[in-house]
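Model, not experiment: these values are computed from the prediction.
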Amino acid sequence: MNIDYNKASSRYLGVAKSLVGESINAEQVFAKSVVLMGERDALKTQNGLWCFMDSLRLLVRVVGKLTICIPPGFAELETEARKCCSDTYLRGQPQFVISDSASPFQHADAILNIGIHVNSSLPWTTISSNGWVARISSGSKQLPSDMGQPNPIAALFAASLGVTEVFKRIYGVPASVAPLLEKAELSLFENSTEFDSLGPVLPNIITAPDTLLVGAGAIGNGIALLMAQLPVAGRLHIVDKQDYQDENHGTSVLLEKAGWIGNSKAEQLAQWLTQNSALQATGDKALINEALGSELIKSMAIDLVLNGLDDVQARHDSQLAWPSIIVDGGINETGAAVIQHRLDDHGLACLICSFKLQKQDIRETQRQLTGLHSSALSDQGRLLTVQDIIEADPGKQEWLREMLKSKRTICSVVSEAGLRRLGVNAEDGFRPSAPFVATAAAAMVIAEALKALLYPEKRYSQRFTIGNLFLGPQSLANSSRYAEPWCSCVKHRSLIDSLLKRRKQNQNLQSNPH
């Protein structure tokens, strides 16, 4: 199946437009030259390899003319990089250069280097990571040389920052809006730019409780990538109501050109994890409120929930699993946030407290935007049908037929109709978002989940926010809020505690059947 270039680039072009303040000439942007390179000493470390490949997975989504420079002697990395490009790159094939030198790239529009050295005379950004610390410099200060404590979470966050810098350069984001970053570091263990250490060494094996991943889109892809890179074992079930569409290519870091588009997000991502991790992964195309009643989930003792959602009701529904730990990741055009709820902490808000549903009924607005009958809008997770079009307003039927050809869900039809009202061409896709913002959010989700599982005694903030990734880690904020007295997490606390107790008993029986 051929992927529509315009739809694949629609979401991040929307981000660029909002930052630049005017329409983006995509042809000019994709003609700009970007170089990904790595220093020999950096690529000898696992962190360096993760930084390199994660950066490549992101760059192939957002650039058009890419050169990949690998030092001699890294045949395995070259093979992996070539496969990644073959599987995902839409605009031909990148150029591969086997060299230790950056001298051939004097005229590049952006250079992303994995290592420690910087070159302020060129459009140069260097990234690295060590332990829980992500590092970046687009200025004159080089980075520390230590990269020996493996941790893919910080590596993915560093790659996210690095590709953000490349994006600024080639899309022409004004320095008055988002200046290039001088040397900056962020500890994802302390959620701070001022930290005491690299954080603890990860164990060789991480046994996760039965886990539910809700949302297999952009954030879910980043979560899956990290779950494959980490030494995690256990059962993971994925729930998402949609199929992958062309526009998801530009934001979902794992999505490949062949075999993904038109298929269930949950099932496809579960298949990828089964092939690339130690997890027992399954997937279900469903709404979360339906999935919680399924036989498969009932057979599991779900005690960790990871969310990558953009819907308040789905967040509320996922909380109703009442796991010991729920970690929710969210993004907007430029920022990422993670909120967690630990069941043994009675004082802090759950997701129902944290996210308020709109009180007004927006169904009439949706009906006016789409032309669909109100009955069609009652189940927005299903696909648009011919009968829906027959019952729709005559003036909207021609446009709805185009949506039908694309196998759109009711939800996606509503989203696209909203953009049409704002003056955005329907072919330009949906809500603006960027893949590197989503992977930053995914890194934050997994960081909080692992800290809760492995280091539960560590003090934590309920909410961790990077207000604007384009402004770097300095835009972070940590906060917490108290549970609301009206909420189920307070009113039905005894029932929730009894559910938790039964789940723990079932887990013990499964672990010790005799």
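- In terms of modelled atom types and a separation under 3.5 Å, the side chain of Asp240 and the main chain of Ala216 share a donor-acceptor contact.
- Going from atom CD of Glu448 over to atom CZ of Phe189 covers 10.0 Å, rounded to the nearest 0.5 Å.
- A heavy-atom distance below 4.5 Å is found between the side chains of Arg367 and Asp393.
- Note that CG of Leu212 is 5.0 Å distant from CD1 of Ile297, once rounded to the nearest 0.5 Å.
- By the side chain to side chain donor-acceptor pair (under 3.5 Å) test, Thr126 pairs with Asn113, Trp124, sequence neighbours left out.
- The closest donor-acceptor contact from the side chain of Asn307 to the backbone of Leu213 lies at 3.5 Å or more, if one exists at all.
- For the pair Pro432/Glu333, a side-chain contact is recorded, criterion being any heavy-atom separation below 4.5 Å from C-beta on.
- Heavy-atom minimum distance, Leu306 versus Ala449: CD2-CB, 3.8 Å.
- Put simply, the side chain of Gln397 gets close to the backbone of Ile389: a donor and an acceptor are under 3.5 Å apart.
- Looking only at side-chain heavy atoms (C-beta outward), Leu156 and Trp50 stay at 4.5 Å or farther from each other.
- Note that CG of Leu19 and CG of Asn468 are 7.5 Å apart. Values are rounded to the nearest 0.5 Å.
- Listed by chain and number, the residues in a side chain to side chain contact (heavy atoms under 4.5 Å, CB included) with Gln387 are Thr385, Ile390, Glu391 (sequence neighbours excluded).
- Side-chain atoms of Lys396 come within 3.5 Å of backbone N or O of Leu369 as a donor-acceptor pair.
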Output a table of donor-acceptor pairs, distance under 3.5 Å, between side-chain atoms of residues 279-288 and any protein atom two or more places apart or on a different chain; print 'none' if there are none.
residue : atom : partner : partner atom : Å
Thr282  : OG1  : His237  : ND1          : 2.7
Lys285  : NZ   : Asp243  : OD1          : 3.0
Lys285  : NZ   : Asp243  : OD2          : 3.2

List the atom pairs, with distances to 0.1 Å, where a side-chain N or O of residues 85-94 and a protein N or O form a donor-acceptor pair under 3.5 Å, not counting sequence neighbours.
residue : atom : partner : partner atom : Å
Asp87   : OD2  : Lys83   : NZ           : 2.6
Thr88   : OG1  : Cys84   : O            : 2.6
Tyr89   : OH   : Gly64   : O            : 2.8

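- No side-chain heavy atom of Leu400 sits less than 4.5 Å from a side-chain heavy atom of Leu404.
- Remark: of the listed residues Leu66, Asp54, Val35, Leu66 is the sole one forming a side chain to side chain contact (heavy atoms under 4.5 Å, CB included) with Leu59.
- With 3.5 Å as the limit, one finds no donor-acceptor pair spanning the side chains of Asn248 and Gln242.
- Across Gly172 and Val20, no two heavy atoms sit closer than the pair O-CG2, 3.8 Å.
- Distance check: Glu256 CD to Ile3 CD1 gives 10.0 Å after rounding to the nearest 0.5 Å.
- Inter-residue side-chain proximity for Met227 and Ile446 is flagged as met; some heavy-atom pair is nearer than 4.5 Å.
- For the pair Ala159 and Ser55, the tightest heavy-atom approach, listed with the atom from each and the gap, is CB-OG, 3.4 Å.
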Is there a side-chain contact (heavy atoms from CB on, under 4.5 Å) between Val437 and Val15? Walk through the geometry before answering. CA-CA 11 Å; Val437 178; Val15 172; over 6 Å; no
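- In terms of modelled atom types and a separation under 3.5 Å, the side chain of Arg135 and the main chain of Ala158 share no donor-acceptor contact.
- The shortest non-hydrogen separation linking Gly48 to Leu43 is O-CD2, 3.8 Å.
- A distance of 10.0 Å separates CD1 in Ile339 from CE in Met444, rounded to the nearest 0.5 Å.
- Residues Asn2 and Asp246 share a closest heavy-atom pair of O-OD2, 4.4 Å.
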Is there a side-chain contact (heavy atoms from CB on, under 4.5 Å) between Ser318 and Leu351 once you walk through the steps? CA-CA 9 Å; Ser318 66; Leu351 298 192; 4.0 Å; yes
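- Proximity of a side-chain donor or acceptor of Tyr12 to a complementary backbone N or O of Arg61 within less than 3.5 Å is detected.
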May I have the step-by-step check of side-chain contact (heavy atoms from CB on, under 4.5 Å) for Leu202 and Leu450, ending in yes or no? CA-CA 9 Å; Leu202 292 175; Leu450 283 193; 4.2 Å; yes
Stepwise, does the side-chain contact (heavy atoms from CB on, under 4.5 Å) test hold for Val166 with Leu36? CA-CA 10 Å; Val166 170; Leu36 173 64; over 6 Å; no
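- Once rounded to the nearest 0.5 Å, the distance linking CD1 of Ile68 with CG of Leu56 reads 4.5 Å.
- Sorted by first and then second residue, the salt bridge (Lys or Arg N to Asp or Glu O under 4.0 Å) pairs involving residues 286-295 (not counting sequence neighbours) form an empty list.
- Partners of Tyr171 by ring pair (Phe, Tyr, Trp, His ring centres under 6.0 Å), not counting sequence neighbours, listed by chain and number: Phe167.
- Counting only distance, with no hydrogens or angles, the side chain of Arg408 and the backbone of Leu384 share no donor-acceptor pair below 3.5 Å.
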Hey, mind stepping through Arg169 and Glu165 against salt bridge (charged side-chain N to carboxylate O under 4.0 Å, His left out) and telling me if it holds? CA-CA 6 Å; Arg169 296 184 195 272; Glu165 295 290 274; 5.4 Å; no
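- Using a 4.5 Å cut-off on side-chain heavy atoms (C-beta onward), Ile261 and Leu255 make contact.
- Ile170 and Lys32 get closest at one heavy-atom pair: O-NZ, 3.0 Å.
- In this structure, the side chain of Asp210 does not engage the main chain of Asp303 through any donor-acceptor pair within 3.5 Å.
- Inter-residue side-chain proximity for Met53 and Leu77 is flagged as met; some heavy-atom pair is nearer than 4.5 Å.
- A salt bridge does not link Asp311 to Lys241: none of the charged side-chain nitrogens sits closer than 4.0 Å to a carboxylate oxygen.
- Within the 4.5 Å cutoff, the side chain of Gln271 has no heavy atoms near those of the Asn263 side chain.
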